Number of protein chains: 2
Amino acid sequence: MEITIADKEVLMSEEKIVNDIIEGICPIRNIIASISDKWSLLVIYTLSQNPKMRFGEIHKSIPDISQRMLTVTLRSLEAGGLVSRQVFPEVPPRVEYQLTDLGYSLLDPLRGLVNWALNNMEVIQESRKNYQQ
Amino acid sequence: MEITIADKEVLMSEEKIVNDIIEGICPIRNIIASISDKWSLLVIYTLSQNPKMRFGEIHKSIPDISQRMLTVTLRSLEAGGLVSRQVFPEVPPRVEYQLTDLGYSLLDPLRGLVNWALNNMEVIQESRKNYQQ
DNA sequence: CCGTATCCTCGGTGATACTG
DNA sequence: CAGTATCACCGAGGATACGG
């Protein structure tokens, strides 16, 4: 029996559906999926340093993010309701971002994780260095 | 002026060095980098459900991870000192994994995050659904 | 049973150029 | 200033086959 491209597409979409179901049911999968992109947590942390920040300010705080990824990340956070975005119809344009209450509420558990990392980072790095085979 | 392949390799390695420095200095980058792979947190959570687990048991708990990625993830966690691995020289072979004290210590801050996710997941999903443009 | 070895795909990311 | 549009790339991860 042969597998056609159409079959593959069906399989792919089924796989995606299964994946969505798993993530929908399993809260852990869900947070991991949200968290595990390269920039989101960093942007949230940056925004927590100031009440309001313009696009350029955020970019200055995270110099090595590309303009594209900063936009993509901010939009994604806005979609989730973690960040609000206010456009001022001026010339030149001004856009201000700030954490929503929901966004701020994430800071508490996040701090727990950061503190854990601060306390154990060196041990972990040492362990990694000495790990053989 | 032309950019040769050799030049590119130099640029790449410099970029990687810069990246390493940033991650070395900035603890937040460091945790994000450690956390943001697809399976680590899930494996840690799974291992927290039982004191000791065999390779096959873990695989049954996370059916959609490939054998390869389960091995890779377990080795990476072992390297960081979060998981211990004990091989029994039997036929057929038996290998047992368990969280180390360091591994268990991650569970507390992790629970904070999971609880936050449980409390806010629906709001976020609703927000994402209604997000236009 | 518990892996390792290959090969390959695909999507996230960066670089660059352009617009209102 | 704050984006979009386009293209090219790498590397995490999957599929498969084999090994002790």
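In what follows, chains carry the letters A, B, and so on, assigned in the order in which the sequence lines appear, proteins first and then strands, with residues in each chain numbered from 1. Here the structure is a predicted model, which is why all the values come from computation and not from measurement.
For the atom pair CG of B:L113 and CD1 of B:I35, the computed distance is 7.5 Å after rounding to the nearest 0.5 Å. Of the inter-residue distances, the one linking A:I44 atom CD1 with A:L82 atom CG reads 5.0 Å to the nearest 0.5 angstrom.
The two residues A:I32 and B:L42 have their closest heavy-atom pair at CD1-N, 3.8 Å. Of all heavy-atom pairs between B:Y97 and B:I58, the closest is CD1-CD1, 4.0 Å. Across A:P51 and A:Y104, no two heavy atoms sit closer than the pair CA-OH, 4.2 Å.
Atom CG of B:D37 is separated from atom C1' of D:dG11 by 13 Å (rounded to the nearest Å). In this structure, CE of B:M53 is placed 15 Å from C1' of C:dC1, rounded to the nearest angstrom. Protein atom CD1 of B:I65 is 9 Å distant from nucleotide atom P of D:dG13, rounded to whole Å.
When hydrophobic clusters are built by joining Ile, Leu, Val, Met, Phe, Trp and Tyr residues whose side-chain heavy atoms come closer than 4.5 Å, directly or via intermediates, B:V87 is grouped together with B:L74. A:F88 and A:M53 are assigned to two separate hydrophobic clusters, defined by single-linkage of ILVMFWY side chains at heavy-atom distances under 4.5 Å.
For the segment residues 55-63 of chain B, the set of residues with a heavy atom within less than 4.0 Å of an atom of DNA chain C comprises B:F55, B:G56, in numerical order. DNA chain C lies under 4.0 Å from at least one heavy atom of each of the following residues of residues 67-74 of chain B: B:Q67, B:R68, B:T71. Residues from residues 80-96 of chain A placing a heavy atom under 4.0 Å of any atom in DNA chain C, listed by number, are A:P93.
For the pair B:T71 (side chain) and B:Q67 (backbone), a donor-acceptor distance under 3.5 Å is present. Side chain of A:S34 to main chain of A:N30: a donor-acceptor pair is present (N/O by atom type, distance under 3.5 Å, no hydrogens or angles). Of the possible donor and acceptor atoms, one in the side chain of A:D37 sits under 3.5 Å from a partner among the backbone N and O of A:S40.
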- Apply the test salt bridge (Lys or Arg N to Asp or Glu O under 4.0 Å) to residues B:E57 and B:K60: give CA-CA distance (whole Å), side-chain angles for both, the deciding distance (0.1 Å), then the verdict. CA-CA 5 Å; B:E57 287 183 273; B:K60 248 186 293 183; over 6 Å; no

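Put simply, B:Y97 has no side-chain N or O that comes within less than 4.0 Å of OP1 or OP2 on C:dC2.
Under the side chain to side chain contact (heavy atoms under 4.5 Å, CB included) criterion, B:K52 pairs with B:Q86, B:E96, B:Q98, sequence neighbours left out. Residues satisfying the side chain to side chain donor-acceptor pair (under 3.5 Å) test with A:N115, not counting sequence neighbours, are none.
In this structure, the helix from C:dC1-D:dG20 to C:dG20-D:dC1 shows an angle of 50° between the axis at its start and the axis at its end, each fitted on 5 base pairs and rounded to 10°.
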